[in-house]
Amino acid sequence: MKGANRHSIDRRTLLKITGAAGATTGLGAIAGCLDDPDGGDDGDGENEITITLSQFPDTIDPLDHITGDYFDVYDHIYEPLFDFEPGEGIFARVVEDWEIQEGEGATELYLRDDVVFHNGDDLTAEDVAWTIERTVDPDMGVVSDIGSYGLGSIEGAEALDETTVEIQYGAAPGLAEFEFGNYARALNMEWAIDNYDAENEAISGADPEDFNGTGPYEVVDFTSGEEIVLQRFDDYWGDEPPFERVTFNADGESSGRVAALETAETDLTINILPEDVATVQDADDVEIREVTSFRNIFCPMKNTVEPFDSQEFRQAMNYAVDNEGIVDSVLSGYGEARGQPVAPGINGFNDEIEPYEQDIGTAESLVEESGYGGAEIELVVPQGRYLNDAQVGETVADQIDQLDNVSCEASIEDFGVVSDANSAGVDPDGFEIPFYLIGWGTITGDTDYGVQGFFTIPDNEARTFDDEELSDAILESQQIEDPDDRREQLEEVNRLAREKAPFLFLHTQESIYGVREDIQWDPREDETVYIWGMEQ
């Protein structure tokens, strides 16, 4: 048995499929030009696009992150080995073919033989195997959330010859395919070790030469923390991408991103806040595009410290908050209240689970049952990462603070502080922030990605919750090969999660973009922004 979808659907065929469905997110690179509708250059010899993010990557190591803004930039340099389409599955890209080794907990990947890195070195199976080992082995390179969350079931990889890689895993093949199909990348092993001691350290630097992937774009200019400029890679193995030059920058303020769009300083921005939507709609030559994303917003509560070690207290926090009211008032309706870890459309989403409804009396009673009456807690909240995140967090903290027997304050911090808190594990000596607001996009389309990194116990130092029953339920789902049986088990996982309340559940987020009208591009549920999915 081989990987789903990949027998008869190649990249060109997929383009036809997505086109027939009315989408423009196909995988082929279609020539385009912002300033010349005929697809030619703009008079300066180049056609360009500028994309403004809400957070600029604070590391250049492509394995040292698991955040959408980072992937939006680095996937164009360090391309994925596979293409993934939400609701469709994975498709050949750098990996041309793949075959499950029945009963061996392994899949063999067969690489293209014409792929080269930007420095001219050939891509080899050893590069891919070493990159996967570096991602999943906590003793190599950087402690990567991609290893803990994205490649959670992947145990290792081995080069069998120049173009064949064997991926080993401890889960059902279908789940492993979800993982390596989304998170397998390739670094140039010799380049990374010789220049950056990458077996022991993160790759770092401030020059274009400090980037070296196989993607359709190479770095030509880089200002750390501010801007990165990419140019088409002339020796790219695949189709020519639509824009010759791409600039990524960032602005943490929605108003700044909107202003850049109005003045044509940028062509596409992410995370337009609801209160700025009308401004974009009134501007010339730009428009709003939106999609209900796979991202849920919630507040983890690490249960290895007081008062969050009480299930009654955690449930009380959920009953204290008016989620639907927050969506209506703070997000202007751009969201939907949620009571489980994943969003609708994700495999294993449980239709029978309702969000917690605000009930102050029940919340105060549960606090008393927990024995933590009079507790004083702090909610740490990022600003600028998610839609009105700071305002959402402050409202949540204020509603908890209105309980007679709990005091709560919000603390606004940089997103990096929150991200570090999420990765710090559950050892009370290893973290200082037990309660924080964060979002998680289940971009693989499967509940496992939305829960295993947070809840499973063995070999998962980055988990946020310690509960054997919940962990065992997830681990059991990972071994089930029948799709229907596995979906039912994942629905049970989501039911257990609601009951045990490892999160203060908030909402599923709408992704709102401001885009120049002449760019043909549809937002994706997984929030990725791929240049090769655009045309004009």
Side-chain angles (χ1 to χ4, degrees), residues 296-333 335-341 353-383 386-413 417-418 421-422 426 428 431-439 454 464-467 470 495-509:
N296 271 9
I297 307 297
F298 46 81
C299 304
M301 295 177 277
K302 297 194 176 184
N303 64 334
T304 52
V305 294
E306 299 177 348
F308 304 111
D309 57 347
S310 164
Q311 178 169 306
E312 289 80 7
F313 190 88
R314 297 192 304 272
Q315 290 175 335
M317 298 302 97
N318 277 281
Y319 281 115
V321 174
D322 179 8
N323 282 342
E324 291 190 6
I326 289 174
V327 168
D328 290 340
S329 62
V330 182
L331 300 178
S332 301
E336 186 172 343
R338 195 65 60 214
Q340 57 188 303
I353 294 177
E354 296 292 335
Y356 283 87
E357 291 189 8
Q358 187 182 39
D359 187 329
I360 300 300
T362 298
E364 291 174 343
S365 295
L366 285 167
V367 169
E368 292 305 316
E369 288 179 31
S370 76
Y372 289 120
E376 298 179 358
I377 60 177
E378 180 182 72
L379 176 64
V380 176
V381 182
Q383 185 167 35
Y386 313 110
L387 290 186
N388 283 343
D389 42 16
Q391 295 93 322
V392 169
E394 288 173 333
T395 305
V396 168
D398 181 65
Q399 292 182 353
I400 294 173
D401 193 60
Q402 292 177 32
L403 300 180
D404 286 341
N405 48 7
V406 179
S407 297
C408 183
E409 293 184 352
S411 175
I412 310 301
E413 302 285 353
V417 173
V418 176
N422 192 61
V426 293
F431 67 87
E432 296 180 352
I433 301 173
F435 188 35
Y436 51 93
L437 183 149
I438 201 165
F454 293 95
T464 66
F465 194 67
D466 246 19
D467 185 276
L470 183 55
R495 188 198 66 76
L496 268 178
R498 184 193 190 278
E499 175 184 312
K500 293 178 179 293
F503 301 154
L504 192 169
F505 298 102
L506 291 175
H507 54 266
T508 297
Q509 179 174 284

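Expressed to the nearest 0.5 Å, how far CZ of Phe308 lies from OH of Tyr372 amounts to 10.5 Å. Note that the CD atom of Glu369 and the CD atom of Gln311 stand 11.0 Å from one another [nearest 0.5 Å]. Atom CZ in Phe298 sits 10.5 Å away from atom OG1 in Thr508 (nearest 0.5 Å). In this structure, CG on Asp389 lies 7.0 Å from CD on Gln383, to the nearest 0.5 angstrom. The CE atom of Met301 lies 9.0 Å from the CD atom of Gln315; values are rounded to the nearest 0.5 Å.
Here the side chains of Asn323 and His507 are not in contact, with every heavy-atom distance at 4.5 Å or above. Using a 4.5 Å heavy-atom threshold, the side chains of Leu437 and Ile297 count as touching. Looking only at side-chain heavy atoms (C-beta outward), Leu504 and Ile400 come within less than 4.5 Å of each other. Between Glu368 and Asn405, the closest side-chain pair of non-hydrogen atoms falls below 4.5 Å. Within the 4.5 Å cutoff, side-chain heavy atoms of Met317 are placed close to those of Val406. At least one side-chain heavy atom of Ile438 sits under 4.5 Å from a side-chain heavy atom of Tyr386. Using a 4.5 Å heavy-atom threshold, the side chains of Phe503 and Pro341 count as touching. Between Thr464 and Pro502 there is no side-chain heavy-atom pair separated by less than 4.5 Å.
For Asp398, the side-chain hydrogen bond (donor to acceptor under 3.5 Å, both in side chains) test picks out Gln402, with sequence neighbours left out. Remark: Glu499 engages Arg495 in a side-chain hydrogen bond (donor to acceptor under 3.5 Å, both in side chains) (not counting sequence neighbours).
Smallest separation of non-hydrogen atoms from Glu357 and Tyr319: O-CD2, 3.3 Å. Minimum interatomic distance between Gly393 and Leu379 (heavy atoms only, all atoms of both residues): O-CD2, 3.5 Å. Considering every non-hydrogen atom in both Val305 and Pro428, the closest pair reads CG1-CB, 4.0 Å. Closest non-hydrogen pair, Glu324 versus Ala337, comes out as CG-CB, 3.7 Å. In this structure, Ile433 and Ala421 approach most closely via the heavy-atom pair CB-CB, 3.9 Å. Nearest heavy atom pair, residue Pro300 against residue Asn422, reads CG-OD1, 4.3 Å.
With hydrogens and angles ignored, the 3.5 Å screen pairs a side-chain donor or acceptor of Asp467 with a backbone N or O of Leu470. Using modelled atom types, one side-chain atom of Asn303 and one backbone atom of Asp466 make a donor-acceptor pair closer than 3.5 Å. Without hydrogens or angle criteria, Asn296 side chain to Gln340 main chain gives a donor-acceptor distance under 3.5 Å. For the pair Glu394 (side chain) and Ala410 (backbone), a donor-acceptor distance under 3.5 Å is absent. Side chain of Glu413 to backbone of Val380: no donor-acceptor contact under 3.5 angstrom is found. A donor-acceptor pair under 3.5 Å is formed between the side chain of Gln358 and the backbone N or O of Ala320.
Ring geometry, Tyr356 versus Phe505: the interplanar angle falls under 30°, so the pair is classed parallel (tilted spans 30 to 60°).
Aromatic pair Tyr436/Phe431: centroids not less than 6.0 angstrom apart.
Looking at Asp322 and Gln399, their side chains never bring a donor and an acceptor atom within 3.5 Å of each other.
If you run side chain to side chain contact (heavy atoms under 4.5 Å, CB included) between Val396 and each of Ile326, Val381, Val330, only Ile326 comes through. Checking each of Glu312, Arg314, Glu306 against Ser310 for a side-chain hydrogen bond (donor to acceptor under 3.5 Å, both in side chains) leaves exactly one that passes, namely Glu312.
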